[in-house]
Amino acid sequence: MAKLCVLLFGTVVSYAQVSTVQDSLSNKTVQLDEVLVEGKSISDPVFSTFKSEPEKKIVQSKNVADLFKDINGFALIKRGNYAIDPSFRAAQYEQLNVQFNGGTKVMHACPNRMDPITTHVIPEEIERVEVVKGPYTFRYGPTFGGIVNLVTQEVEKQERGYHGKVNFGGENNGNAITSFANVTYVGENFDTNLNFGYRDFGNYQDGDGNEVPSSFKSTDYGVQLGYNPTENQRIQVGFRQSFGRDVLHAGLPMDTEEDNSNVLSVDYKLGNISDGLKTLSAKVYRSKVDHIMTNELRPTFMMMEAVSEVDATTLGGRVELEWRPVDKLKLYTGVDALSVGRTGNRTRLVKRNMMTGEPLSMPMEFVDEVWQDSQIEDYGAFAEAKYTLSKKFLLNLGARYDLVRSKTDAPADDFVAEYPNLDARTEHNFSTTASLKYMATANLLFELAYGRGVRSANMIERFINHFTVGQDPYEYVGNPFLDAEVNNQFELGVKANTNFEGYAFNRLNYGASVYYAMYDNYIVAVIDPTLDKKYMPMAEPTEVKRFTNLDEAYKTGFEVFGELTFLRDYRFKTELAYVYAKNEDLDESLPLTPPLVTRFNLSFEKEAVWARATYTLTSEQSNIASSFGEQVTDGYGVVDLSFGAKPFKHVTLGVAATNIFDVTYNNHLNFSFVNQADYGRVPINDPGRNLSAFVQYSF
């Protein structure tokens, strides 16, 4: 508590600055295509949403994935406190097109996803999260289950001059400390943005007081330079690095010793070219992730030392043209490319006889190929048209073609024996979408959409060779000849609002959407009796899983929300999200399907003070994938409280209490403890009661 008090009051200082009058005519600049969602109901992508309130969050985000947990339809796949992946409508990993700033990607190096894209961007740097809820646009790469775009600070939108902020946060459950600093300068033709962040999280305790190994440290910084050579051009260069250290993964067999990443991106936009051709946008980027993981702190270290050093290099880019052949038509055409290459080995030093436990006189060293020096390239071309049929109807049509090439340059002997015809492979994927928006009145919007999203197998599904990469303890073997999985998704939705004049109740916002998705060639791992276990063959389970295509699978679900504004400053909001998935081949659910979630929010907000109470009710999940090692998960309810204020012009303060009743629970998507001294293979519990404090000084 003393630490929290220092954080709250130790950095409060006074500051005076003379405001300068902005010349709105001369300050107009070309804005980069970093925004998918603009807050315009009739012109935004169909079934899209965004969330933006970075300074009012208060509770410290472990990584960027924490920003999704309050967005209806999202759930979190948790392996600890660091390696957290978002899941949306039971779509996860490469089924979601996760990127930041309209196209930049960072692909993980670890086969257990200790380092997803959400660990390589500073959470405080994200101004908002944008989501397209299905395969309804293909301008930003192949899309199977939806697009998630993480928008960082848009410097070119700010007023001229110097801006900046410094914030600190702390939590008592795990003695967590976070800090972030940002300095921005915006000139007439030039702008720059500097970020720095540091996070130090300890092991947290669940509701029963059990300590969960989950500590980590991370340091991040980013530099962005923008230049406007003319009034209709903009060039922007960004570079960021992230350094993860001493990361404990309760739900994975090893821990991260080091995780280093860097991302370089260059964006260019030329606007107002001609009457028919409006804009040209271009982006190129390169990202690199170096990852070192060991079992030094695990019980198996006495028998065998294991160190894996792996890396991933991602190269990509896109060029897009916006056409206006007629007044009512916007036409987007373009090409893009993505190349992912991974290398690395695992070195095992066996110190004891695996059968008897006796020490070996001479330890035996083995080197295992993790990625078999594999590479996947995707070259795409797309066209998308928005046509205004009338003032009330907007029609959207889109199509995309992807040429996907995959190969492995250093396949293991047993992998070649399993796939003797192994060679470079080329696939041709076609995706289409059609949607209609109908603005019945100014307060009532209907949306109808169909999308055919196609996703080729990722590198784990193609080339992993007898590694434990799932939620269960099975060894997994890839299949380089998998067919691309197809999502034929239909969705119908409505959004509306009603205003009340002269009543205590001021406004009612409400909406709902229902969807049905038919899957072709859905990729999942199943036990293959023809495969023999490679490592520790006598340990259970002795079976091996191979990735394969399902013939019959589908999912369906809905999302509903209602928000009532009353007494001007108060809001009560209710949200529900449910998804049902079915693997008809095995007559069970698809894995990692979240349960029904109901959320109640009561909030109060003025310019200088705000407060929120949230009750999240998660139902039991009994619709499980037994072949994936899933178990029935009990339901639970959690109450969170938060309070924030701006006592001075440049100072923001906040306190919060999450899980205030100290409930012991675990989410259905949480991984189970693995290779931990004091735990069996049981699901990881989420944190118990946690008190947070936050202070920010901005200018």
Side-chain angles (χ1 to χ4, degrees), residues 62-63 65 77-85 93 106-120 199 201 203 212-219 241-262 287-314 340-351 365-374 458-460 463-473 475-476 534-536 671-677 679 681 684:
K62 281 68 177 176
N63 72 13
I77 301 173
K78 188 173 182 179
R79 305 168 184 84
N81 242 2
Y82 186 78
I84 305 174
D85 269 303
Y93 308 149
V106 184
M107 304 303 291
H108 60 95
C110 173
N112 286 110
R113 298 184 69 91
M114 293 179 179
D115 52 346
I117 185 174
T118 52
T119 63
H120 303 297
R199 330 179 76 70
F201 281 78
N203 297 336
V212 177
S214 54
S215 62
F216 71 89
K217 298 180 179 70
S218 68
T219 305
Q241 285 189 295
S242 299
F243 307 94
R245 294 292 184 271
D246 304 324
V247 185
L248 302 186
H249 304 282
L252 296 175
M254 303 173 78
D255 297 311
T256 297
E257 186 174 299
E258 290 187 20
D259 184 66
N260 306 314
S261 71
N262 61 76
S287 64
K288 178 74 179 297
V289 179
D290 297 312
H291 187 83
I292 302 175
M293 47 189 164
T294 74
N295 70 335
E296 184 176 352
L297 303 178
R298 303 302 182 96
T300 54
F301 186 77
M302 300 297 296
M303 302 284 289
M304 175 189 67
E305 297 181 21
V307 178
S308 294
E309 298 185 28
V310 291
D311 62 75
T313 301
T314 306
V340 182
R342 294 187 176 101
T343 61
N345 301 318
R346 178 180 66 182
T347 301
R348 293 179 293 129
L349 186 65
V350 179
K351 299 183 289 187
E365 183 177 280
F366 301 90
V367 178
D368 311 312
E369 284 280 353
V370 176
W371 290 114
Q372 306 185 87
D373 290 0
S374 301
N458 63 32
M459 203 169 287
I460 292 176
F463 299 123
I464 203 69
N465 188 29
H466 288 275
F467 279 81
T468 304
V469 294
Q471 198 174 17
D472 52 37
E475 288 184 357
Y476 284 68
K534 185 175 182 178
Y535 305 111
M536 301 181 67
F671 273 46
S672 296
F673 287 99
V674 178
N675 196 16
Q676 297 285 347
Y679 295 92
R681 200 172 185 101
I684 301 168

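Values in this document were obtained by computation on a predicted structure and should not be read as measured data.
Using cut-offs of 30° and 60° for the angle between ring planes, the Y679 and F673 rings count as parallel.
Taking OH of Y476 as the start and NE2 of H466 as the end, the distance is 13.5 Å to the nearest 0.5 Å. Expressed to the nearest 0.5 Å, how far CE of M293 lies from CG of N295 amounts to 11.0 Å.
Between E305 and R348, none of the side-chain N atoms (NZ, or NE/NH1/NH2) sits under 4.0 Å from a carboxylate O, so this pair counts as no salt bridge.
For the side chain to side chain donor-acceptor pair (under 3.5 Å) test, residues two or more places apart in sequence or in another chain that qualify with D85 are R79, R113. Residues meeting the ring pair (Phe, Tyr, Trp, His ring centres under 6.0 Å) test with F366, sequence neighbours left out: none.
With no hydrogens or angles considered, no side-chain donor-acceptor pair links N63 and T119 at under 3.5 Å. In summary, the side chains of T343 and D373 do not present any donor paired with an acceptor at a separation below 3.5 Å, with no hydrogens or angles considered. Counted by atom type alone, H249 and D255 present zero donor-acceptor pairs between their side chains at under 3.5 Å. No donor-acceptor contact under 3.5 angstrom links the side chains of H120 and S242, judged on distance only.
Using a 4.5 Å heavy-atom threshold, the side chains of H291 and T256 count as touching. By the 4.5 Å heavy-atom criterion applied to side chains, M107 and R342 are counted as neighbours. The shortest distance between side-chain heavy atoms of N465 and K534 falls below 4.5 Å.
Smallest separation of non-hydrogen atoms from P473 and R681: N-NH2, 3.4 Å.
A cation-pi arrangement, defined by a distance under 6.0 Å to the six-membered ring centre and an angle within 45 degrees of its axis, is absent between K217 and Y82.
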Query - Full working for side chain to side chain contact (heavy atoms under 4.5 Å, CB included) between M114 and V247 - result: CA-CA 9 Å; M114 293 179 179; V247 185; over 6 Å; no

